[in-house]
Amino acid sequence: MGPHPAVAAIRLAVRRVLHDVLHDALVLSDGRTPPPDTTPRDHAREGDAPGPLVLVACSGGADSMALASALAFESRKLSVRAGAVTVDHGLQPGSDQRAAEVAARLTAMGLDPVEAVAVKVGREGGPEAAARDARYAALDAAAERHGAAAILLGHTRDDQAETVLLGLARGSGTRSLSGMAAVAGAHGRYRRPFLQIDRHTARKACLVQSLPVWDDPHNADPAYTRSRLRHEGLPALEKALGKGVVEALARTAELSRDDADALDAWAAEADPSVRDEAGELLCGKLYALPAAVRRRVLRKALIHAGSPAGSLFARHVEEVDRLITSWRGQRAINLPGRVEARRQGGRLVIRQS
Ligand SMILES: Nc1ncnc2c1ncn2[C@@H]1O[C@H](COP(=O)(O)OP(=O)(O)OP(=O)(O)O)[C@@H](O)[C@H]1O
């Protein structure tokens, strides 16, 4: 008898990502592109190297425990080493002990190395954002320490749907609506194998494999927007629009990502043609671009001048856009990072003070 369908689904999702990691590692290591029909088993035969290390970022919650179990299983069949990192944010009493327990479970699964890393969470941007920043810094550092080729994250299709809804509620453009990428970070280090797996499947996989899971109390705390969305917003939407809404939102993310990528490429190509010899932006040429492309050129110019990407919102870019499109309006505006955009003659001059 084969594995339970939920277990089969999570293993398949992880196997696909491990194949990608192996493929990328082979291309990176010798600059050759393997023939398209090369299988990871062929990779294993190519030499005696132990294979790339893949780490799973595991909170001890159902999604990342399911992910860890699938990584442990699949890595045994491929030439991949598998380890894990669990981060203790130190936000609840006894969190260090819980991190140690999670680490022990991961070790028992056969993962090696397994690290429990304690981080200091600052206050900047709110507790959720601060914990996330500290977590990614710790995961990056662990990957460097161990020379890991990839770090797997347990974000599911439900997380993706929530991210799209949060973007919609903010009035975001296609880039934000594209949600979380399956491959992200420097050199594509972060991978999200579960973006097509729903939360219910991950939980079921833990249940049938008797994996103990820890439910983060924050996930149920109505003080957090995401938690309200998860427990009230999405169920209400499913009731009104049908069960397929999560899948549909995840699909919106994929389609939006393709659109956003195409627009980014268009903007990169248009950029040199809207500048004079000194590199200043020309209002007339910018005006002739489609608005979505123009706003991308402007956003990139603002970041280049010193506006931090994380503080630069759609409304800032729209204000700069109005300097070009409404000739009788304001001539200059101040932006995050002490950057000023000023319409001067037919040029848009962007400088940091
Ligand atoms: N403390 C942590 N240590 C290591 N990785 C973490 C930690 N918290 C989150 N992650 C990683 O980030 C992913 C997303 O976490 P998040 O808390 O947003 O979602 P979640 O649905 O609660 O996931 P999970 O059920 O795995 O906790 C997790 O699946 C895991 O891969």
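Counting starts at 1 for both ligands and their atoms, in listed order. Just the heavy atoms: all of them, side chains too, but no hydrogens, waters or symmetry mates, feed the values below. We're numbering straight along the sequence, starting at 1. These numbers come from a predicted model, not from an experiment.
- Ion pairing between D140 and R145 fails under the 4.0 Å rule for side-chain N and carboxylate O.
- Of all atoms in ligand 1, listed by their number and element, those nearer than 4.0 Å to a heavy atom of A62 are 25 (O).
- Nearest protein heavy-atom contact of atom 23 (O) of ligand 1 is D63 OD2, 3.5 Å.
- Salt-bridge annotation for E254 and R257: absent, with no side-chain N of the basic residue lying under 4.0 Å from a carboxylate O of the acidic one.
- A salt bridge does not link K300 to D264: none of the charged side-chain nitrogens sits closer than 4.0 Å to a carboxylate oxygen.
- Only the backbone of V85 comes within 4.0 Å of ligand 1, judged by heavy-atom distances.
- Looking from atom 12 (O) of ligand 1 to the surrounding protein, the closest heavy atom is L153 CD2, 4.0 Å.
- Polar contact with ligand 1: present for V87 (N/O pair, distance under 3.5 Å).
- With hydrogens left out, the protein atom closest to atom 9 (C) of ligand 1 is R135 NE, 3.5 Å, a heavy atom.
- With hydrogens left out, the protein atom closest to atom 27 (O) of ligand 1 is S59 OG, 2.5 Å, a heavy atom.
- Distance check for atom 16 (P) of ligand 1: every protein heavy atom is found at 4.0 Å or beyond.
- Here's the thing with G154: one of its N/O atoms is less than 3.5 angstrom from an N/O atom of ligand 1.
- In terms of protein heavy atoms, atom 22 (O) of ligand 1 is closest to N219 ND2, 3.0 Å.
- A distance of 16.0 Å separates OH in Y287 from CG in L282, rounded to the nearest 0.5 Å.
- If you run side-chain contact (heavy atoms from CB on, under 4.5 Å) between R294 and each of L286, L281, V274, only L286 comes through.
- Here OG of S59 is found 8.0 Å from CZ of R135. Values are rounded to the nearest 0.5 Å.
- For D198, the salt bridge (Lys or Arg N to Asp or Glu O under 4.0 Å) partners are R157, not counting sequence neighbours.
- Shown here are the salt bridge (Lys or Arg N to Asp or Glu O under 4.0 Å) partners of R342, two or more places apart in sequence or in another chain: E340.
- The closest approach between any non-hydrogen atom of D159 and ligand 1 is below 4.0 Å.
- Side-chain contact between V320 and H316 is absent, with no heavy atoms from C-beta onward closer than 4.5 Å.
- Ligand 1 has a nitrogen or oxygen under 3.5 angstrom from a nitrogen or oxygen of S64.
- Atom 18 (O) of ligand 1 has H155 NE2, 4.0 Å as its closest protein atom, hydrogens excluded (heavy atom only).
- One distance of note links CZ of F73 with CG of L78; it measures 10.5 Å at 0.5 Å rounding.
- A salt bridge links R351 to E280: at least one charged side-chain nitrogen sits closer than 4.0 Å to a carboxylate oxygen.
- Ligand 1 lies less than 4.0 angstrom from a heavy atom belonging to H89.
- When heavy-atom distances to ligand 1 are checked against a 4.0 Å cut-off, C58 comes that close only through its backbone atoms N, CA, C and O.
- At a 3.5 angstrom cut-off on N or O pairs, A57 counts as close to ligand 1.
- Inside a 4.0 Å radius of atom 29 (O) of ligand 1 there is at least one protein heavy atom.
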